[in-house]
**Student:** 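The structure is given below, and queries will be raised subsequently.
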Amino acid sequence: MHTVILGNGILAATIAFRLTKRLAAKDRITIIGKRSRPGSATLAAAAMLNSFAEIEVGSLNSELDRYRFELSRAAGRMWPQFEKEIGGPPSGGGLELGTYVVNNTAADDLDDENFDAIVAALREFGEPFEPVAPRDIPNYMPEQRHRATRALVIPGEGWMNPRLVLERLDAILARHPQVSLVDDSARSLVRQGDRISAVKTEGGQPIAGDSFVLATGATASDVLRESDLGIEVQRVFYGVGVSVEIGSPDFPHKKCIRTPNRGLACGIYSVPYFTGSGAAQDHVLVGASNFISPTPYNYGRLTSIESLMRGAIEQINANFYRADLVRINVGWRPTTLDTYPLLGRSSIANLIIASGTKRDGFHLAPLISEKIVAMLYDEPVDEGFARFAPERKPIRSLTRQEAIDKAVRHQMSASYQHGFTPSKSRMPAQIAQMHRDDLERLHDKVGAHDWGIPPEMLDMYRYGHAMA
Ligand SMILES: Cc1cc2nc3c(=O)[nH]c(=O)nc-3n(C[C@H](O)[C@H](O)[C@H](O)COP(=O)(O)OP(=O)(O)OC[C@H]3O[C@@H](n4cnc5c(N)ncnc54)[C@H](O)[C@@H]3O)c2cc1C
């Protein structure tokens, strides 16, 4: 069997890695993707391995969301063993544990509700955690006005440097005699009858194969559009995210410190960023911004960079004002119209799609790769996974009322996060009402009478990209 994998991010690399363990003598794997990895979400990630710290109010309301949460927890449990399988950390820089969640007053009381939701989930699932005094958090020295009033530590949730993990996977794949790496972009898939026969690359090279895995992250829809395969797969958008790597020799970080999710993004977080053995252990990755775009967006916006740097100084450690700016990462979170992942076999039997992981694709990679490899070998995969089938109708998990309520909360939270200081009047309530009226009109305009637009997708519906 010759398996051709389009893309070279964490999903493609972990799928290829797991496949190498099962190759028969005549089997081959080809991985297509530019070495420079344009738009790579993986390289921009922290990468936190969070399940509970990502909980928000309502995250566990539906049975589907509970299933997704269980997958997230299962993936978290897989990482220690998976890390060993890919060679373990050569000397430090591997999986680290210990995530502090701080409840501060930098945004609005959505943070308080989300913090409470995290505590409730930790209790419900019996996950170990401890309330901590904010002043006892290592290297946590926020500005006075932005200090946390509550905090907790989740000892079992951690992070990894995704660049080092990809380096390790790249090295394993590059030296494997049955793996070929093609330093090019996939332009389209070629359909012949009821099968895919080949991939056409930007360089014009056709690459034939037996099975194809589309794992190009946020560009998956562009490849499908070029291919004109006659299948309907909901659109994957570019969730443009910025993270900032800083050097902080005087105040090095020891643990992950983050807020709950807020304002349509993941709040502000900071993780120690190990850059290699022998290198100074004082880099910190600060993340992350998010805006959804229908097209690739190559640069970080100044507002994203400014708010991350300000957030790190105000909300994590005021001494970061003296830190060095090492690198600004811009990555595209593959974000689907319904915000759930696309994972599974398409109606073209030899085409599998693995994309749409949005905010936790690094964390989920050991689990997703295991399932995708099982699919490639026609082995059974647990039934729940079928709900992420790539050709499903978009999942409508929110009612119109829930979606509007949530969007208003997040829009207000985002405004406070970006410095909104209302006058001493009914202004916040009036602005919330203005958002609500606007959202009601938008729902009417797109015919969303008995379903709700996922808050992240509002602009895609507003500007006509959701139907395209
Ligand atoms: C700022 C930021 C922070 C994040 N933080 C976290 C985190 O803390 N924890 C977590 O779990 N997740 C995090 N994520 C999300 C995570 O990074 C993604 O879910 C995951 O990396 C997606 O992996 P992927 O392999 O599908 O896509 P990608 O990593 O984007 O990989 C796709 C690859 O395919 C290549 N490619 C694109 N088009 C083509 C083509 N036509 N042909 C061939 N190759 C192509 C790209 O260059 C890229 O290398 C974060 C994302 C961002 C942007």
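The first residue in the sequence is number 1, and the count goes up from there. Counting starts at 1 for both ligands and their atoms, following the listed order.
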**Student:** Minimum distance, heavy atoms only, to atom 28 (P) of ligand 1: which one of S304, A220, A41 is it?
**Tutor:** A41
**Student:** Check each atom of ligand 1 against the heavy atoms of I10 and keep those under 4.0 Å away; list them by number with element.
**Tutor:**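 Answer for ligand 1: 21 (O), 23 (O), 25 (O).
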**Student:** Tell me which part of R187 gets within contact of ligand 1: side chain, backbone, both or neither, using heavy atoms under 4.0 Å.
**Tutor:**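 For R187, there is no contact with ligand 1 at all, from either part.
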**Student:** Could you tell me whether D222 approaches ligand 1 through its side chain, its backbone, both or neither, with non-hydrogen atoms closer than 4.0 Å?
**Tutor:** neither
**Student:** Pairs of nitrogen or oxygen atoms closer than 3.5 Å, one from G361 and one from ligand 1: do any exist?
**Tutor:**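 Between G361 and ligand 1 (N or O atoms, distance only) the closest approach is under 3.5 Å.
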**Student:** Between K358 and ligand 1, find which residue part has any heavy-atom pair under 4.0 Å and reply side chain, backbone, both or neither.
**Tutor:**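 It is the backbone that touches ligand 1; the side chain stays farther off.
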**Student:** Give yes if a backbone or side-chain nitrogen or oxygen of K34 is under 3.5 Å from a nitrogen or oxygen of ligand 1, and no if not.
**Tutor:** no
**Student:** Mark the output for R359 as yes if a heavy-atom distance to ligand 1 is under 4.0 Å, and as no if none is.
**Tutor:**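 Checking ligand 1 against R359, which is what was asked, there is a heavy-atom contact under 4.0 Å.
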**Student:** So, for I196 and F212, which heavy atoms are closest and what is the spacing to 0.1 Å?
**Tutor:**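 Shortest heavy-atom separation between I196 and F212 comes out as O-CE1, 3.3 Å.
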**Student:** Is the closest basic N to carboxylate O distance between R150 and D111 below 4.0 Å?
**Tutor:** no
**Student:** Report the C-alpha distance between K34 and E202 in whole Å, list the side-chain angles of each, state the deciding distance to 0.1 Å, and finish with yes or no for salt bridge (charged side-chain N to carboxylate O under 4.0 Å, His left out).
**Tutor:** CA-CA 10 Å; K34 286 197 173 148; E202 294 290 347; over 6 Å; no
**Student:** Please walk me through it: do Y340 and Y67 pass ring pair (Phe, Tyr, Trp, His ring centres under 6.0 Å)?
**Tutor:** CA-CA 12 Å; Y340 292 88; Y67 174 66; over 10 Å; no
**Student:** Classify the contact between Y238 and ligand 1 as side chain, backbone, both or neither, using a heavy-atom distance cut-off of under 4.0 Å.
**Tutor:**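 Neither; nothing of Y238 gets under 4.0 Å from ligand 1.
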**Student:** Flag yes if more than 12 heavy atoms outside Q192 fall under 6.0 Å of its CD atom; otherwise flag no.
**Tutor:**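 No, because the 6.0 Å sphere around CD of Q192 holds 12 heavy atoms or fewer from other groups.
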**Student:** Any atoms of ligand 1 less than 4.0 Å from a non-hydrogen atom of A47? List them with their elements.
**Tutor:**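 In order of number, 7 (C), 8 (O).
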**Student:** Just checking E306: does its CD atom have more than 12 heavy atoms from other residues, nucleotides or ligands closer to it than 6.0 angstrom?
**Tutor:**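 Atom CD in E306 is packed in, count exceeds 12.
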**Student:** Is the closest heavy-atom distance from L6 to ligand 1 below 4.0 Å?
**Tutor:** no
**Student:** Which of the numbered atoms in ligand 1 are below 4.0 angstrom from a heavy atom of T42?
**Tutor:** 17 (O), 21 (O), 23 (O), 28 (P), 29 (O)
**Student:** Of all the heavy atoms in Y269, does at least one lie under 4.0 Å from an atom in ligand 1?
**Tutor:** yes
**Student:** Under the salt bridge (charged side-chain N to carboxylate O under 4.0 Å, His left out) rule, what do R73 and E127 come out as? Steps first, then yes or no, please.
**Tutor:** CA-CA 10 Å; R73 293 190 72 206; E127 175 74 14; 3.5 Å; yes
**Student:** Among all the protein's non-hydrogen atoms, which is closest to atom 7 (C) of ligand 1, and how far away is it?
**Tutor:** M48 N, 3.4 Å
**Student:** Measure the acute angle between the ring planes of F291 and Y297, then classify it against the limits of 30° and 60° as parallel, tilted or perpendicular.
**Tutor:** perpendicular
**Student:** Give the C-alpha distance, both sets of side-chain angles, the deciding distance and a yes or no for salt bridge (charged side-chain N to carboxylate O under 4.0 Å, His left out) between R37 and D170.
**Tutor:** CA-CA 12 Å; R37 295 191 158 101; D170 282 351; 2.9 Å; yes
**Student:** Give the atom numbers and elements of ligand 1 that come within less than 4.0 Å of a heavy atom of T357.
**Tutor:** 18 (C), 19 (O), 20 (C), 22 (C)
**Student:** Name the closest protein heavy atom to atom 11 (O) of ligand 1, giving the residue it belongs to and the distance to 0.1 Å.
**Tutor:** H363 N, 2.8 Å
**Student:** Looking at atom 35 (C) of ligand 1, what's its closest protein heavy atom, distance included?
**Tutor:** N8 OD1, 3.5 Å
**Student:** Does even one non-hydrogen atom of P38 get within less than 4.0 Å of ligand 1?
**Tutor:**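 True for this residue.
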**Student:** Determine yes or no for a side-chain-to-main-chain donor-acceptor pair under 3.5 angstrom, with Q315 supplying the side chain and N104 the backbone.
**Tutor:** no
**Student:** Aromatic rings H465 and Y463: how do their planes relate, parallel, tilted or perpendicular, breaks at 30° and 60°?
**Tutor:** tilted
**Student:** For ligand 1, is any non-hydrogen atom under 4.0 Å from T219's backbone (N, CA, C, O), its side chain (CB onward), both, or neither?
**Tutor:** side chain
**Student:** Is it the case that ligand 1 has an N or O less than 3.5 angstrom from some N or O of G241?
**Tutor:**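 Such a contact does not occur with ligand 1.
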**Student:** Using a 4.0 Å cut-off to any heavy atom of R37, which atoms of ligand 1 qualify?
**Tutor:**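 Near R37, the atoms of ligand 1 are 47 (O), 49 (O).
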**Student:** Taking N or O atoms only and a 3.5 Å limit, does F362 qualify as a polar contact for ligand 1?
**Tutor:** yes
**Student:** Parallel, tilted or perpendicular: which describes the rings of F362 and W79, with under 30° parallel and over 60° perpendicular?
**Tutor:**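 Rings of F362 and W79: parallel, under 30°.
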**Student:** Are more than 12 heavy atoms from other residues, nucleotides or ligands located less than 6.0 Å from atom CZ of F125?
**Tutor:**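 Above 12, so yes.
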